[in-house]
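Here the structure is laid out as structure tokens; the discussion comes afterwards.
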2 protein chains.
Amino acid sequence: MSRSRDAVHEILRQSAAFRSAQDIFTEMRADGSKIGLTTIYRALQALNDDGRVDVLRTDDGEAVYRACATSAHHHHLVCRGCGLTVEVDGPDVEVWAERVGAEHGFTAITHTVEVFGTCAACAKG
Amino acid sequence: MSRSRDAVHEILRQSAAFRSAQDIFTEMRADGSKIGLTTIYRALQALNDDGRVDVLRTDDGEAVYRACATSAHHHHLVCRGCGLTVEVDGPDVEVWAERVGAEHGFTAITHTVEVFGTCAACAKG
DNA sequence: AACCGTTTTGACAATCATTTTCATTTTCTG
DNA sequence: CAGAAAATGAAAATGATTGTCAAAACGGTT
Ligand SMILES: [Zn+2]
Ligand SMILES: [Zn+2]
Ligand SMILES: [Zn+2]
Ligand SMILES: [Zn+2]
């Protein structure tokens with residue numbers, strides 16, 4: 001696994017937004033690549049397994065991926081208009097999640113936190 | 001829209017966990033109902049539109065629904081083992097989300113926050 | 001360079017959740 | 001009760017994702 005995986009990874013590196021498999025496929029084909037959609041799905045899976053890309057689900061259940069700058073735990077602020085994404089962290093949220101879990105006798109706490117909004121550029125029109 | 005929608009709503013009321021359409025379908029059929037899967041999807045959609053049920057996506061993209069006690073904004077603490085769900089709120093998280101959005105020039109901020117863990121019962125085995 | 005076992009790739013079929021379609025049934029209104 | 005409008009269910013259509021499998025690309029070895 002390498003040729004294609006690197007190509008997919010590179011596409012993600014050059015995008016500030018979360019991208020779907022179809023999305024990436026369309027772009028790569030437009031750029032002249034002969035890559036197959038199946039290969040893209042496999043590359044995204046591998047990259048995610050290796051912790052090199054983050055994944056989240058859109059409201060309609062589609063998986064979208066992003067190559068974040070850090071591999072450390074963090075969250076995202078995503079523009080609903082253009083998809084522009086900023087990596088953010090929230091120490092308070094981490095603490096809160098642990099505490100609320102513990103308060104109810106839950107262990108092995110994890111959490112998902114995503115913030116959405118309209119970025120300044122999209123707000124202008 | 002009424003007969004079936006109420007039946008589906010009732011199933012959800014009696015469950016502490018988030019349930020999928022298939023899930024509900026299987027239970028209702030087992031109980032002798034002649035309801036169709038399509039009708040369940042439509043009922044869940046309608047209930048969600050009316051703000052009577054919450055929806056979230058499992059890791060594999062399946063939509064699951066829950067009739068929460070409150071219709072006010074809140075979040076969930078979900079057991080990965082049995083699905084037991086507790087409604088929680090986090091004023092700090094609300095503030096944090098707004099602030100992090102504003103700091104980056106984003107407007108119309110919304111957010112998704114879910115906490116997962118293993119409940120006390122499931123932890124025992 | 002030719003050889004050979006391993007990995008990767010891509011076209012295509014298969015799955016699975018969800019949505020559409022459409023004819024039938026139920027509900028509502030007068 | 002008649003007729004219109006809303007709801008229902010079976011089956012087909014969609015769309016994303018995964019599985020299959022034979023062909024192509026790799027890597028190391030003579
Ligand atoms: Zn934007
Ligand atoms: Zn976190
Ligand atoms: Zn549990
Ligand atoms: Zn909140």
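Residue numbers start from 1 in every chain, and the chains themselves are labelled A, B, ... in the order their sequence lines are given, proteins ahead of strands. We use all heavy atoms of the structure for the numbers below, so side chains are in, but hydrogens, waters and symmetry mates are not. Quick caveat: nothing in here was measured; it's all calculated off a predicted structure.
For the pair A/Q45 CD and C/dT9 P, the interatomic distance rounds to 13 Å; values are reported in whole Å. Atom-to-atom, CZ of A/F18 to P of D/dA16 comes out at 19 Å; the value is rounded to the nearest Å. Nucleotide C/dT19 holds its P atom 11 Å from the CG atom of B/N48, rounded to whole Å. Across the protein-nucleic acid pair, A/F25 atom CZ and D/dT17 atom C1' stand 14 Å apart, rounded to whole Å. Rounding to whole angstrom units, CD1 of residue A/I40 and P of D/dA16 are separated by 13 Å. Rounded to a whole Å, the CZ atom of B/R5 is 12 Å from the C1' atom of D/dA6. The distance from atom CZ of B/R57 to atom C1' of D/dA16 is 11 Å, rounded to the nearest whole Å. Rounded to whole Å, atom P of C/dT15 lies 15 Å from atom CD of B/Q22.
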Would you list the atom pairs, donor with acceptor, under 3.5 Å between side chains in residues 77-85 of chain B and any protein atom, with sequence neighbours excluded?
residue	atom	partner	partner atom	Å
B/R80	NH1	A/T110	OG1	3.0
B/R80	NH2	A/A108	O	2.4
B/T85	OG1	B/G83	O	2.8

Residues 116-125 of chain A, side-chain donor-acceptor partners within the protein, below 3.5 Å, at least two apart:
none

Scan the side chains in residues 20-27 of chain B for donor-acceptor partners under 3.5 Å anywhere in the protein, sequence neighbours excluded, and list what turns up.
residue	atom	partner	partner atom	Å
B/S20	OG	B/D23	N	3.1
B/D23	OD2	B/R19	NE	3.0
B/T26	OG1	B/Q22	O	3.0
B/E27	OE1	B/R19	NH1	3.3
B/E27	OE1	B/R19	NH2	2.9

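A/R57 and B/D59 get closest at one heavy-atom pair: NH2-O, 3.0 Å. Contact between B/A97 and A/V115 at its shortest, heavy atoms only, is O-CG1, 4.0 Å.
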Distances under 3.5 Å between protein N/O atoms and the N/O atoms of nucleotides 25-28 of chain D, please, pair by pair.
residue	atom	partner	partner atom	Å
D/dC26	OP1	A/R3	NH1	2.2
D/dC26	OP1	A/R3	NH2	2.3

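Summarising the geometry, atom CG belonging to B/D89 is positioned 9.0 Å from atom OG1 belonging to B/T70; distances are rounded to the nearest 0.5 Å.
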Chi angles and distances behind the side-chain hydrogen bond (donor to acceptor under 3.5 Å, both in side chains) call for A/D54, A/H76
CA-CA 10 Å; A/D54 282 2; A/H76 307 101; 3.2 Å; yes
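Contacts of B/E87 classified as salt bridge (Lys or Arg N to Asp or Glu O under 4.0 Å), with partners at least two apart in sequence or in another chain: B/R66. Applying the side-chain contact (heavy atoms from CB on, under 4.5 Å) rule to B/D6 yields the partners B/S2; only residues at least two apart in sequence or on another chain are considered. Contacts of A/R13 classified as side-chain hydrogen bond (donor to acceptor under 3.5 Å, both in side chains), with partners at least two apart in sequence or in another chain: none.
Under the side-chain hydrogen bond (donor to acceptor under 3.5 Å, both in side chains) criterion, no residue pair touches residues 28-41 of chain A, with sequence neighbours excluded.
For DNA chain C, the neighbouring residues in residues 26-37 of chain A, judged by any heavy atom under 4.0 Å, are A/R29, A/K34, A/I35, A/G36. A heavy atom closer than 4.0 Å to some atom of DNA chain D occurs in A/E62, A/A63, these being the qualifying members of residues 59-66 of chain A. DNA chain D lies under 4.0 Å from no heavy atom of any residue of residues 78-85 of chain A.
With a 4.5 Å cut-off between side-chain heavy atoms of Ile, Leu, Val, Met, Phe, Trp and Tyr, the cluster of A/V95 takes in none.
Two rings, from A/H111 and A/H73, have their centers less than 6.0 Å apart.
Between B/Y41 and C/dT19 there is no side-chain N or O to OP1 or OP2 distance below 4.0 Å.
For D/dA11, the base has a donor-acceptor partner in the side chain of B/T38 [N/O atoms by modelled type, under 3.5 angstrom]. Residue side chain A/R42 reaches the base of C/dG10 through a donor-acceptor N/O pair under 3.5 Å, judged by distance alone.
In the model, B/H9 has no side-chain atom that pairs as donor or acceptor with a side-chain atom of B/Q14 under 3.5 Å.
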